[in-house]
Asker: 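Below are the structure tokens for one structure; questions will follow.
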Amino acid sequence: MNAKKAQAFVTQNAIYIVLVLLIMGIALYEPAFISVNTLRDILIQSSTRIIIALGVAFILITAGTDLSAGRVVGFTAVISASMLQIPDYSRRFFPDMPQVNVILPILIAIVAGLLCGLVNGIIVSKLNVPPFIATLGTMVIVYGVNSLYFDMDPNQSQPIGGLRPDFTKIGSGFFGSGQYSIPYIVIIALVVSAIVWVLFNKTKLGKNMYAIGGNMQAAKVSGIDVSKNLIYIYAIAGALYGLAGVLEAARTGGATNNYGNMYELDAIAACVVGGVSTTGGIGTVPGVLVGVIIFTLINYGLTFIGISPYYQLIIKGLIIIAAVAFDMRKYSSKK
């Protein structure tokens, strides 16, 4: 009985055990890794990735996928950055554009992300195109549109810089002082996580989302408007990518059309490692958060101790395969 309880505990808390073991292993090799500054850096690096992964989680729980997430992040980063440069910057994207309230370009970028998600939702739900193909197509389209926008005169594909301090402060500012300060971007990620948790667990949309992912045909029979719900879900995911793009531009102080490249794969991997089932119907916000932090720990921690980035890729790949294999084993055992 004790053995069964121990096995159940390990199964239910595997992701948290992996996280603790990762921290312990890196700390044993390099004790300086355990510090407030390290924790702060990891949280900052995780913040935008968390928001992207939460958007992807919406789609995965419906048994879909979204390959366009990274390109939407890049598109919205360029949109927001292009409208928020200081007046005397020598290469302003819009030389004659007057100063506008920082909120306006941010809202425009988020709406642009929402519209991208809306298009995905319509293609998947109304045209019955498989999510993999639909979002693969929109990924290419969004990158093309972003590149055309980025190449407009007078910018001509030059990296967008000279961003206004009131904008970059969102990505680099903090409450408090010194190493015990709390960055704004981390607070934003936590607030978004709390809102998504409410959507997942306390709303009709959340219940419908899990029902659709668990068994789409059964959801239809039970009276759920699957098409409408999928459109809402993809639109919300797009809005989250838009917010992440804005924060990424604010955090780095610039943008190019290549921002967000491959972010969707990291987000999908983090979701899977965090317990979001590849077969749909299963996933939690805390799991996604831990999944993102695990991958940030891998990148940050292994770089901290001098491990080659190529080995890091191998380790990440092995973790992804193990997570999916574990997920499929649990799914098959329930049949």
Side-chain angles (χ1 to χ4, degrees), residues 16 19 23 26-27 32-55 57 73 76-77 79-81 83-86 99-110 113 160-202 236 239-255 259-260 263 266-267 270 274 284-297 299-301 303-304:
Y16 303 104
L19 179 59
I23 294 172
I26 296 170
F33 179 74
I34 302 297
S35 70
V36 174
N37 283 334
T38 298
L39 174 62
R40 190 172 181 274
D41 289 343
I42 288 171
L43 291 176
I44 290 172
Q45 291 184 25
S46 298
S47 296
T48 53
R49 303 301 180 101
I50 283 172
I51 295 172
I52 299 166
L54 289 172
V73 169
T76 54
I79 288 174
S80 57
M83 293 186 284
L84 286 166
Q85 292 174 294
I86 57 177
Q99 292 282 84
V100 296
N101 189 296
V102 68
I103 298 298
L104 180 59
I106 290 174
L107 289 177
I108 291 173
I110 292 173
I160 301 172
L163 303 190
R164 287 165 40 180
D166 57 345
F167 178 56
T168 57
K169 188 177 181 180
I170 297 171
S172 59
F174 51 84
F175 289 109
S177 61
Q179 62 179 352
Y180 296 103
S181 59
I182 304 175
Y184 296 152
I185 196 170
V186 173
I187 294 172
I188 293 170
L190 291 175
V191 170
V192 170
S193 299
I195 293 171
V196 172
W197 184 89
V198 171
L199 288 173
F200 276 19
N201 298 282
K202 302 296 181 179
I236 292 171
L240 289 174
Y241 307 151
L243 175 60
V246 168
L247 294 177
E248 194 70 0
R251 182 180 71 86
T252 60
Y259 265 39
Y263 279 19
D266 283 346
T284 66
V285 170
V288 173
L289 300 186
V290 176
V292 172
I293 291 173
I294 283 177
F295 276 97
T296 306
L297 265 173
N299 291 332
Y300 187 96
T303 300
F304 190 89

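Quick note: numbers below take in every heavy atom, side chains included, and nothing from hydrogens, waters or symmetry partners.
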Asker: Taking all non-hydrogen atoms of both residues into account, name the closest pair between Val292 and Ser46 and its distance.
Answerer: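 The pair with the smallest heavy-atom distance is CG1-O, 3.8 Å.
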Asker: Which atoms form the tightest heavy-atom contact between Thr76 and Val246, and what is the distance?
Answerer: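 Of all heavy-atom pairs spanning Thr76 and Val246, the closest is OG1-N, 4.4 Å.
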Asker: Looking at every heavy atom in both Leu297 and Ile42, which two are closest together, and how far apart are they?
Answerer: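 It is CD2-CD1, 3.5 Å.
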Asker: Assess whether atom CG of Leu107 is packed by more than 12 heavy atoms of other residues, nucleotides or ligands within 6.0 Å.
Answerer: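 For Leu107, atom CG is crowded (more than 12 foreign heavy atoms under 6.0 Å).
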Asker: To the nearest 0.5 Å, what is the distance between CD1 on Ile26 and OG1 on Thr303?
Answerer: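 Here the rounded value is 9.5 Å.
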Asker: When rounded to the nearest 0.5 angstrom, what distance separates CZ in Phe175 from CD1 in Ile182?
Answerer: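 So the CZ of Phe175 and the CD1 of Ile182 are separated by 8.5 Å.
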Asker: Does the side chain of Phe167 reach to within under 4.5 Å of the side chain of Pro105, using non-hydrogen atoms?
Answerer: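 Sidechains of Pro105 and Phe167: no contact.
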Asker: Quick one: pull up CD1 in Ile185 and CG in Leu190 and give me the separation to the nearest 0.5 Å.
Answerer: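 Separation between the atoms: 11.0 Å.
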Asker: So, Thr252 and Tyr259: side-chain donor and acceptor under 3.5 Å apart, yes or no?
Answerer: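 Present: a donor and an acceptor within the cut-off.
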Asker: Looking at side-chain heavy atoms only, is the closest gap between Glu248 and Tyr263 below 4.5 Å?
Answerer: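 Sidechains of Tyr263 and Glu248: in contact.
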Asker: Would you name the heavy atoms of Thr168 and Gly253 that are closest together and state the gap between them?
Answerer: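 Closest pair (atom of Thr168, atom of Gly253, distance): CG2-CA, 4.1 Å.
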Asker: Taking the side chain as everything from C-beta on, heavy atoms only, tell me whether Val186 gets closer than 4.5 Å to Phe174.
Answerer: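 A side-chain contact is absent here, since even the closest heavy-atom pair is not under 4.5 Å.
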Asker: Looking at every non-hydrogen atom in both residues, tell me the closest pair between Ser193 and Val285 and how far apart they are.
Answerer: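 Taking every non-hydrogen atom into account, O-CG1, 3.7 Å.
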Asker: Answer whether the closest heavy-atom distance between the side chains of Ile170 and Ile106 falls below 4.5 Å.
Answerer: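 In short, these two side chains touch, coming nearer than 4.5 Å.
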Asker: First locate atom OG1 of Thr48, then atom CG of Leu240, and finally report the distance between them rounded to the nearest 0.5 Å.
Answerer: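 Here the interatomic distance stands at 12.5 Å.
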Asker: Can you tell if the side chain of Phe295 reaches within under 4.5 Å of the side chain of Asp266, non-hydrogen atoms only?
Answerer: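 No, every pair of side-chain atoms sits at 4.5 Å or beyond.
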Asker: Taking atom types as modelled, find out whether Gln45 and Thr296 have a side-chain donor-acceptor pair closer than 3.5 angstrom.
Answerer: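 On atom types as modelled, these side chains do not qualify, holding no pair under 3.5 Å.
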Asker: Mind running side-chain contact (heavy atoms from CB on, under 4.5 Å) on Ile34 and Ile23 for me, showing each step along the way?
Answerer: CA-CA 8 Å; Ile34 302 297; Ile23 294 172; 3.8 Å; yes
Asker: Can you tell me how far apart CZ (Phe200) and CG (Leu54) are? Round to the nearest 0.5 Å.
Answerer: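 Atom-to-atom, Phe200:CZ and Leu54:CG are 6.5 Å apart.
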Asker: Working to the nearest 0.5 Å, report the span between CG of Leu84 and CG of Leu163.
Answerer: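 Here the rounded value is 7.5 Å.
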Asker: Quick one: closest heavy-atom pair of Val100 and Met83, and the distance?
Answerer: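 In this case the closest contact between Val100 and Met83 is CG2-O, 4.4 Å.
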